[in-house]
> 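One structure, pasted below without further comment.
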Amino acid sequence: MAGTLDDDAITTHLKELPDWSRAGDEIRRELTAPSFLAGIDLVVEVARAAEEADHHPDIDIRWRTVTFALSTHSAGGLTVKDFDLARRIDRIATEHAAQ
Ligand SMILES: C[C@H](O)[C@H](O)[C@H]1CNC2=NC(N)=NC(=O)C2=N1
């Protein structure tokens with residue numbers, strides 16, 4: 001299993017992910033989809049990517065606003081798996097025109 005990253009490594013990863021912010025042991029991104037259903041489509045695609053990676057975000061859906069939170073619960077902190085999935089979510093968001 002991937003080990004937890006230290007503060008320096010987390011800061012370095014976050015520099016490449018400007019839409020994500022750290023909140024303790026997790027990173028978060030809030031997105032606004034063009035419509036409620038577009039947000040749901042985005043969530044479904046992220047869910048497929050999460051299953052493929054066997055790594056699952058916490059997801060909050062409020063009309064067109066979707067928030068993803070990533071943490072590696074089994075490791076007790078942030079690992080490369082979180083940043084890999086964050087990059088994947090960014091690509092999916094771009095395809096869905098979510099900001
Ligand atoms: C057995 C399986 O690999 C684990 O339960 C996975 C599933 N998805 C997970 N997702 C997240 N975010 N953190 C985990 O520690 C985690 N563990």
Side-chain angles (χ1 to χ4, degrees):
M1 187 213 308
T4 54
L5 300 168
D6 63 22
D7 286 343
D8 283 353
I10 290 166
T11 304
T12 302
H13 277 287
L14 281 175
K15 279 188 188 139
E16 286 157 24
L17 293 164
D19 294 319
W20 292 80
S21 58
R22 184 180 179 186
D25 278 348
E26 62 181 34
I27 52 169
R28 282 187 205 165
R29 179 176 176 184
E30 184 182 286
L31 294 118
T32 305
S35 67
F36 176 68
L37 280 179
I40 296 299
D41 285 345
L42 169 77
V43 166
V44 168
E45 205 165 324
V46 168
R48 291 189 205 287
E51 276 293 277
E52 209 176 285
D54 191 23
H55 199 62
H56 304 87
D58 291 342
I59 305 171
D60 182 85
I61 304 166
R62 297 179 193 233
W63 185 36
R64 294 192 296 128
T65 304
V66 180
T67 306
F68 295 101
L70 296 168
S71 186
T72 305
H73 308 293
S74 54
L78 287 161
T79 67
V80 287
K81 287 178 131 193
D82 299 304
F83 292 97
D84 288 346
L85 188 54
R87 277 186 281 273
R88 190 103 189 252
I89 290 172
D90 280 357
R91 283 199 295 273
I92 293 168
T94 302
E95 288 159 15
H96 283 255
Q99 295 166 3

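Since this is a predicted model, take the numbers as computed values, not measurements. Computation of the quantities below employed the complete heavy-atom set of this structure, encompassing side-chain atoms and omitting hydrogens, waters and symmetry-equivalent molecules.
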> If you measure from CZ on F36 to CG on D41, what distance do you get to the nearest 0.5 Å?
10.5 Å
> For a 4.5 angstrom cut-off between non-hydrogen side-chain atoms, does T72 reach T4?
no
> Looking at L42 and A98, what are the two nearest heavy atoms and their distance?
CD2-CB, 4.2 Å
> Please test L85 against F68 for side-chain contact (heavy atoms from CB on, under 4.5 Å), starting from the C-alpha separation and ending with a verdict.
CA-CA 10 Å; L85 188 54; F68 295 101; over 6 Å; no
> Restricting to non-hydrogen atoms, name the atom on A38 and the atom on S35 that form the minimum distance, rounded to 0.1 Å.
N-OG, 3.0 Å
> Do I89 and W20 have side chains that get closer than 4.5 Å, going by heavy atoms?
yes
> One thing to verify: whether R28 and E30 come together as a salt bridge, which I'm taking to mean a side-chain N less than 4.0 angstrom from a carboxylate O.
no
> Let me know which of R87, H55, H13 forms a side chain to side chain donor-acceptor pair (under 3.5 Å) with D82.
H55
> Could you report the tightest heavy-atom contact between I61 and I40, atom names first, then the distance?
CD1-CD1, 4.0 Å
> Flag the pair R48 / E51 as yes when at least one side-chain heavy-atom distance between them is below 4.5 Å, and no otherwise.
no
> Report the distance from atom CD1 of I27 to atom CG of L70, rounding to the nearest 0.5 Å.
5.0 Å
> Do you know the tightest heavy-atom contact between S71 and D25?
OG-O, 2.6 Å
> Should D54 and K81 count as an ion pair when the cut-off is N to O under 4.0 Å?
no
> Atom OG1 of T67 and atom CD1 of I59: how far apart are they, to the nearest 0.5 Å?
10.5 Å
> On a heavy-atom basis, which atom in A93 and which in L31 lie closest, and how many Å separate them?
CB-CD2, 3.3 Å
> Is it the case that over 12 heavy atoms from other parts of the model lie below 6.0 angstrom from the CD atom of Q99?
no
> Taking all atoms of both residues into account, what is the closest heavy-atom pair of I92 and A49, and its distance?
CD1-CB, 4.0 Å
> Does D7 pair with R22 as a salt bridge, N-O distance under 4.0 Å?
yes
> To the nearest 0.5 Å, tell me how far E52 CD sits from R88 CZ.
4.5 Å
> Rounded to the nearest 0.5 Å, what's the gap from CD1 on I10 to CG on L17? Could you check?
12.5 Å
